[in-house]
Visitor: 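One structure coming up, written as structure tokens, with questions to follow.
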Protein chains: 2
Amino acid sequence: MADIPDPVTETDPDELRMIIQRLSRRIRVHRAADGISDAQLGVLFQLEKHGDRTPGQLAEHEGVTPPSINRTINGLEEAGWITRNPDPDDARRVRIRLTDSGSAIITETRRLRAAWFTQRLAILTPQERRLLQEVTPLLRRLSDS
Amino acid sequence: MADIPDPVTETDPDELRMIIQRLSRRIRVHRAADGISDAQLGVLFQLEKHGDRTPGQLAEHEGVTPPSINRTINGLEEAGWITRNPDPDDARRVRIRLTDSGSAIITETRRLRAAWFTQRLAILTPQERRLLQEVTPLLRRLSDS
DNA sequence: CATCGATCGTTAGCCTAGCTCATTAGCTTG
DNA sequence: CAAGCTAATGAGCTAGGCTAACGATCGATG
């Protein structure tokens, strides 16, 4: 710890960590209501943002193992939200593609969830929300690294 | 949505939500290494902070159902980190108490995890960490409400 | 003071979504 | 062209949520 500057420890990493966990659990619990899981939604978001992806790419970005992402993909395929397509250059690879129905469910789910989370955010003052907004990129960097 | 003021939506709730989820998953994945789960650790933290608690109190604070907390408590009891004791005033109640061994594991785990998360926080600048610290109470309110 | 609804903890059984390990197919390289 | 590497995936395990149901105890009330 000696090589890490003081201000780091001022943040009380432990409390922040626990809070993130609890908040995440709340979000996850809410999920059941709208018929799509967070794991699934995370994959759909990626496909929407980047176009076709392989299972390996999806797994890496989500920070889970390939078998885990595979299960998620199976569910998405059964629901008709994605298709598996061959990769023309490498037959080992599979290209996961969003279907029209998948795009539609993203839009709808985003609407539902945004409404729910937004409502939650409404307990904060406008200034506090602005602060939170500023911090979002930091949290993203923490979650990406 | 019309009844919710504009600044709320500026926060892009959806992205923040997804980031929180991913960060939480990273934290959880790291967990396996140190032999105690987040669910268990959350309970031990509460006992350390507030002294004896009933299963119901623990469940409410963690935002899970009584059967869920009960399973967690079983694990903690098997590990010898807590004991179940009768409540002198109400025989329906059970008082969960931290053992010495439980206190020790908290200290040790906190050390390990703080080191890990602190290291992660080190990718931010001192100013960014200060910002994050400011936001921590807001996140707590979001996770409590 | 007996009963009856409410409360507390708990067990049973289900589901999701991680994981590891093992297998198959296809690519790449000495 | 064989040996080894990589990608996807299946099987089986585990943790930790959930609901439903139950027994014990408490407290209020006829």
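Sequence lines set the chain letters: A, B, ... in the order given, protein chains first and strands last, and positions in each chain run from 1.
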Visitor: Within the pair Asn74(B) and dT10(C), is there a side-chain N or O less than 4.0 Å away from OP1 or OP2?
Guide: no
Visitor: Strictly distance-based, threshold 3.5 Å: is any side-chain N or O of Arg84(B) a donor or acceptor partner for the main-chain N or O of Arg95(B)?
Guide: no
Visitor: Start with the C-alpha gap between Glu77(A) and Thr83(A), add the side-chain angles, then the distance that decides, and say whether side chain to side chain contact (heavy atoms under 4.5 Å, CB included) holds.
Guide: CA-CA 6 Å; Glu77(A) 193 179 25; Thr83(A) 53; 5.9 Å; no
Visitor: In whole Å, I'd like the distance from the CD1 atom of Ile96(B) to the C1' atom of dG9(C).
Guide: 10 Å
Visitor: Note down the inter-axis angle between the two ends of the helix from dC1(C)-dG30(D) to dG30(C)-dC1(D), five pairs each, to the nearest 10°.
Guide: 10°
Visitor: Considering every strand and a 4.0 Å limit on heavy-atom distances, what is the contact class for Pro55(B): base, sugar-phosphate, or nothing?
Guide: sugar-phosphate
Visitor: Between the side chain of Arg141(A) and the main-chain N/O of Ile123(B), is any donor-acceptor distance below 3.5 Å?
Guide: yes
Visitor: If I take atom CG in residue Leu58(B) and atom P in nucleotide dG17(D), what distance separates them, rounded to the nearest angstrom?
Guide: 13 Å
Visitor: Report yes or no: does Thr109(B) contribute a side-chain atom to a donor-acceptor pair with the main-chain N or O of Ile105(B) at less than 3.5 Å?
Guide: yes
Visitor: Check whether any side-chain heavy atom of Leu139(B) sits under 4.5 Å from a side-chain heavy atom of Leu132(A), and report yes or no.
Guide: yes
Visitor: Without decimals, in angstroms, what is the distance between Ile73(A) CD1 and dA7(D) C1'?
Guide: 12 Å
Visitor: Can you list, by residue number, the residues of residues 75-84 of chain A that have a non-hydrogen atom closer than 4.0 angstrom to DNA chain D?
Guide: Arg84(A)
Visitor: List the steps, then state whether side chain to side chain contact (heavy atoms under 4.5 Å, CB included) holds for Ile96(A) with Asp52(A).
Guide: CA-CA 5 Å; Ile96(A) 308 298; Asp52(A) 293 6; over 6 Å; no
Visitor: Taking only the side-chain nitrogens and oxygens of Thr54(B), find out if one of them lies under 4.0 Å from OP1 or OP2 of dC8(C).
Guide: no
Visitor: Measuring from the side chain of Ser37(A) (C-beta onward, heavy atoms only), which nucleotide among dA17(C), dC27(C), dG9(C) has the closest atom?
Guide: dA17(C)
Visitor: Examine distances only and state if a side-chain atom of Arg93(B) and a backbone atom of Thr54(B) form a donor-acceptor pair shorter than 3.5 Å.
Guide: no
Visitor: Identify which nucleotide among dC19(C), dA20(D), dC26(D) has an atom closest to any side-chain atom of Thr65(A), counting heavy atoms from C-beta outward.
Guide: dC19(C)
Visitor: In whole angstrom, give the distance that lies between atom CG of Asp38(A) and atom C1' of dC15(C).
Guide: 15 Å
Visitor: So, Gln40(B) side chain and Ser37(B) main chain: donor-acceptor pair closer than 3.5 Å or not?
Guide: yes
Visitor: Output the rounded distance in Å from CD (Gln40(A)) to P (dG18(C)).
Guide: 10 Å
Visitor: Taking the side chain as every heavy atom from C-beta outward, state whether Leu98(A) and Glu48(A) have any pair of such atoms under 4.5 Å apart.
Guide: yes
Visitor: Students often get this wrong, so: under 4.0 angstrom with heavy atoms, is Asn70(B) touching a base, only sugar-phosphate, or nothing?
Guide: base
Visitor: Using whole Å, report how far CG of Asp87(B) lies from C1' of dT25(D).
Guide: 12 Å
Visitor: Considering heavy-atom distances to DNA chain C, does Pro67(B) or Asp89(A) have its closest nucleotide positioned more toward the 5' end?
Guide: Pro67(B)
Visitor: So, is Ser68(A) near the phosphate of dC19(C), with a side-chain N or O under 4.0 Å from OP1 or OP2?
Guide: yes
Visitor: Under a 3.5 Å threshold, yes or no: a donor from one side chain and an acceptor from the other, between Gln46(B) and Glu62(B)?
Guide: yes
Visitor: Whole-Å distance between dT7(C) P and Gln57(B) CD?
Guide: 16 Å
Visitor: For Arg92(A) and dA25(C), is the shortest distance between a side-chain N/O and OP1 or OP2 below 4.0 Å?
Guide: no
Visitor: How is Arg71(A) classified with respect to the nucleic acid when contacts are heavy atoms under 4.0 Å: base, sugar-phosphate, or nothing?
Guide: base
Visitor: Can you tell which of dG18(C), dT25(D), dG26(C) lies closest to the side chain of Val64(A)?
Guide: dG18(C)
Visitor: Provide, to the nearest angstrom, the distance between the CG atom belonging to Asp90(B) and the C1' atom belonging to dG27(D).
Guide: 10 Å
Visitor: State which of dG17(D), dC26(D), dG26(C) makes the closest approach to the side chain of Ala91(B).
Guide: dC26(D)
